[in-house]
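Numbers restart at 1 for each chain; the letters A, B, ... are given by sequence-line order, proteins then strands.
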Amino acid sequence: MIEQILTNCISKACLELFGTQPEDQQIQIQKTKREFEGDLTLVVFPLVKMSRKSPADTAKMLGEHLQNELTEIVRFNVVQGFLNLVVADAYWVDFLKTYANDQQFGKLKSKNQAPVVIEFSSPNTNKPLHLGHVRNNLLGHSVAAIVEAAGYEVKRVNLVNDRGIHICKSMLAWQKWGHEITPEKAGKKGDKLVGDFYVLFDQKNKIEIQKLMETGVEAKAAEKESPLMIEAQQMLQKWEQGDEEIRSLWKRMNDWVYSGFDKTYARMGIRFDKTYYESETYLLGKSLVEEGLTKGVLIKKEDGSVWADLSDSGLDEKLLLRADGTSVYMTQDLGTAKLRYDDYRAGKLIYVVGNEQNYHFDVLKIVLKKIGFDWADRIKHLSYGMVELPEGKMKSREGTVVDADELMEEMFQTAKNLTSELGKVSDFTIEESAELFEMVGLGALKYFILKVDPKKNMMFNPEESVDFTGNTGPFIQYTHARISSLLRKANEQGITFDEIVDFGFELHPKEIRILHQLHEYPSTIALAAENLSPAMLSNYIYDLVREYNQFYQEVPIFKETDRNKMVFRLQLSKFTAQVIKSGMELLGIQVPDRM
RNA sequence: GGCUCCGUAGUUCAACUGGAUAGAAUAUCUGACUUCGGAUCAGAGGGUUAGGGGUUCGAAUCCCUUCGGAGUCACCA
């Protein structure tokens, strides 16, 4: 591409003109700012040391050299230390000719490397998925697609936390007050039903704690000693011992939850290549800890608990096995990491997990290395920020949790209401309409969440999320629908635009801007993959769409009397639509042909 | 309290990882061919990038410091 051509040429020019060859990093090429003439800009400051001339003179010399050497560069101007280069129309036209009909445009060549394993979602089986999981799921799904587009083999895996005290709480509450109810009898999704019992446990338990405290027991002690809590712990022990009754109830209730999750995942449009269950991996973790003990890299204390001493890494000691021999979260994660690595021999292990677990992942890597696994370096924690609501943090106990299913349904309804109001698709069948509302509603939700840099905390304002104007998913979908409409019309009128025609005319500035933006699609995918950031891709698509809409507004297509120009513009539009669709697909968002 | 992260228009987000006069959207105000689809486009106002100091040709970005916020430091996950 043009950037590479320029870099090579500038490098040679420096050698010829100034006698030194610069590092590639010193050659900084960026998009020219809107207010100046040009397409690409070279920042010359890093080169003035070797040129021993003023920035302006350096820029001028390089500009003249480039203009003489490269047919792609037709003009240049110098503003302060910036060399603005005007790229020849022929280059852009050639670019369009080469790629406009390439369905794979943007996708990078296969790297032929070890697969990238990406874990996301990782739910607990005691309650339904909420807004926090939504960000996780959307991020994981999109990052996987982006990394795949960048040429890697990707494996999507889920890790279900299906064992532990929290599940026992739901089970116990169901046993006591459930009256043998099932999701079918209750007419409820399984994950919701189980979640209800989790809440019920908490309510009943609170009452008991209150009573204990009234008899003079300290709050902390009361929380541990409440009869319900003790009963739940006993249940957990029975579970670990393999008690048949408990295991079968556990399996039954977990299955309810899974069928609920499946529905949520399906509507969200996400899938996994493999699902790991902690109940199946925690024993492996234990054996890894044993291994560490024999190697002498872990320590056993007098009470029998096992610890990792991380003081040489500047951290504290970390518990790996309880005194009673049962495992903790870290133990299980050691096991799953090993299992996963062995399953795929992964070149990279990505974990999509909230930033509240940053410390956990630091420790995980260090402990794995201590035990002797060099591949611990391949672990990459995609640490994303929390989703906050206008009224503050989501708290399950205060009922401010935004439920994933309800949220999706609300978005569907909003799309339905708005679309009906506009009345543009009143000829759609019921099925077609439903499909469209789903596309638009979920598109709005997904884009709203993915456009924010994953690392940052984000604000989820329900009122703003249902706004479909501006920098939103529906805005992008609308542009796609509009282009589709244009192309339909061309077809109806029998205008063919797949043929390469004679481009012997000057390009409109708006056309160049669109072509320039399209030109950057492959490098944007590479950048987004490197940074594990769907936000970078989102912003790219948004910019593309804005450029197109400006073009659309200013430049006539069917009214154009020059047939060649008209055909060119149709082809440009088609190419734009294709990149919009391709990019949105990497975000997990579909685009309609009409809306 | 220790450690980590964050602080950008009223609000929600950008700024290609140190480059030009910090950009969008939203909200507010104004305008657009009786429309190739107005879920669009154009324009206006809105900023001491939390405050202060430093590093250099150049800082929202790097360093120090103060203030403010979040997370974490469990024999929870």
### Task
Name the nucleic acid region contacted by A/K455, choosing base, sugar-phosphate or nothing; use a 4.0 angstrom heavy-atom cut-off, strictly under.
nothing
### Query
With a 4.0 Å cut-off on heavy atoms, is A/F475 in touch with a base, just the backbone sugar-phosphate, or nothing at all?
sugar-phosphate
### Message
Under a 3.5 Å cut-off for both contacts, is B/A24 paired Watson-Crick or G-U wobble with anything, and if yes, with which nucleotide?
### Response
B/U12
### Query
Do A/R594's NZ or CZ and the ring of A/F428 fall within the cation-pi criteria of under 6.0 Å and 45°?
no
### Query
Could you run down nucleotides 70-77 of chain B 5' to 3' and tag each one B, S or - for protein heavy-atom contact under 4.0 Å?
-SSS-BSB
### Message
What's A/Q28 touching, base or sugar-phosphate or nothing? Going by heavy atoms closer than 4.0 Å.
### Response
base
### Query
Which listed nucleotide (B/C13, B/C36, B/G19) is nearest to the side chain of A/V43?
B/G19
#### Entry: Sugar-phosphate, base or nothing in reach of A/S523, heavy atoms under 4.0 Å
nothing
### Geometric cation-pi criterion A/R482 and A/Y552, 6.0 Å radius, 45° cone
yes
#### Entry: Main-chain N/O of A/F45 paired with A/Q26 side-chain donor or acceptor, under 3.5 Å
no
### Query
What nucleic acid atoms does A/M458 come within less than 4.0 Å of, heavy atoms only: base, sugar-phosphate, or nothing?
sugar-phosphate
### Message
So A/A481, base contact, sugar-phosphate only, or nothing? Heavy-atom distance under 4.0 Å.
### Response
base
### Query
Are any side-chain N or O atoms of A/T331 and backbone N or O atoms of A/L320, one a donor and one an acceptor, separated by less than 3.5 Å?
yes
## Note on the structure
Readout for nucleotides 22-30 of chain B: B = base within 4.0 Å of protein heavy atom, S = sugar-phosphate only, - = neither; 5' to 3' it is --SSS----
### Query
So what does A/I557 touch, heavy atoms closer than 4.0 Å: a base, only the sugar-phosphate, or nothing?
base
### Query
Applying ring pair (Phe, Tyr, Trp, His ring centres under 6.0 Å), which residue pairs with at least one partner in residues 476-495 of chain A are found, sequence neighbours left out?
none
### Query
Across all strands, who's sitting opposite B/G18 as a Watson-Crick or G-U wobble pair, both distances under 3.5 Å?
none
